[in-house]
Amino acid sequence: MTPFTENVIHIIRSIPEGKVMTYGQIAALAGSPRAARQVVRVLHSMSRKYKLPWHRVINSQGKIALSDDESYHEQLFSLESEGVEIGLNGVIDLKKYQFNPEE
DNA sequence: GCCATGGCTAGTA
DNA sequence: GCCATGGCTAGTA
């Protein structure tokens, strides 16, 4: 496993309940600002094995990125049950819910 | 080495 | 357009 991948895993693991992070944000913290899609790959291949809180990762618009209907709703439900509010337009208020480790 | 993959993203002819 | 991976292939040894 490469350092980048390890970083990504650690970062995702560090997201507290009720908070979210962005693909790009995670990539940047892991040391490669434009590697957002690699974060996606990590999520795909390692979520289960490393028990990652995959549902706490959303896109920069503050939206759930999953296209599959069932997965989308699973993520929606997981977030709501942690207290994250999702607007009718499907948007999560990043100002309110985004996790910033560097604080 | 090449190439597809992929739940993206900044910036805007 | 970006770019880190994994899988696969041609082409050497």
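No hydrogens, no waters, no symmetry mates; every other heavy atom, side chains included, goes into these values. Below, read A as the first sequence line, B as the second, and so on, with proteins coming before strands; counting in each chain starts at 1.
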- What stem regions, each of at least 3 consecutive Watson-Crick or G-U pairs below 3.5 Å, can be found for DNA chain C? B:1-6 with C:3-8
- Query: So do the side chains of M46(A) and V8(A) get within less than 4.5 Å of each other, counting heavy atoms only?
  - Reply: no
- Item | Residues within residues 62-86 of chain A bordering DNA chain B, heavy-atom distance below 4.0 Å | A65(A), L66(A)
- Task: Measure the CZ-CD1 distance between F99(A) and I12(A) for me, rounded to the nearest 0.5 Å.
- Result: 12.5 Å
- Message: For a 4.5 angstrom cut-off between non-hydrogen side-chain atoms, does K63(A) reach I92(A)?
- Response: no
- Item | S47(A) to W54(A) - nearest heavy-atom pair and separation | OG-CB, 3.4 Å
- Hey, are the side chains of E74(A) and L66(A) touching, using non-hydrogen atoms and a 4.5 Å cut-off? no
- Query: Atom NZ of K51(A) and atom CZ of R13(A): how far apart are they, to the nearest 0.5 Å?
  - Reply: 9.5 Å
- Item | Where at least one partner belongs to residues 28-39 of chain A, residue pairs that pass side-chain hydrogen bond (donor to acceptor under 3.5 Å, both in side chains), sequence neighbours excluded | none
- Message: For K96(A), give me all partners under salt bridge (Lys or Arg N to Asp or Glu O under 4.0 Å), at least two apart in sequence or on another chain.
- Response: E85(A)
- Verify same cluster id: M21(A), Y50(A) (apolar side-chain graph, 4.5 Å): yes
- First locate atom CD1 of I15(A), then atom CD of Q25(A), and finally report the distance between them rounded to the nearest 0.5 Å. 8.0 Å
- Message: Going 5' to 3' along DNA chain B, between which two nucleotides do contacts with chain A fall, using a heavy-atom cut-off of 4.0 Å?
- Response: dT5(B) to dT9(B)
- Taking only heavy atoms on the protein side, list every residue of residues 15-39 of chain A lying under 4.0 Å from any atom of DNA chain B, sorted numerically. T22(A), Y23(A), G24(A), A36(A), R37(A), Q38(A)
- Task: Heavy atoms only: give me the nearest I9(A)-M1(A) pair and the separation to one decimal.
- Result: CD1-SD, 3.7 Å
- Message: To check you understand the geometry: which heavy-atom pair defines the closest contact between Q75(A) and H55(A), and what is its length?
- Response: NE2-O, 3.0 Å
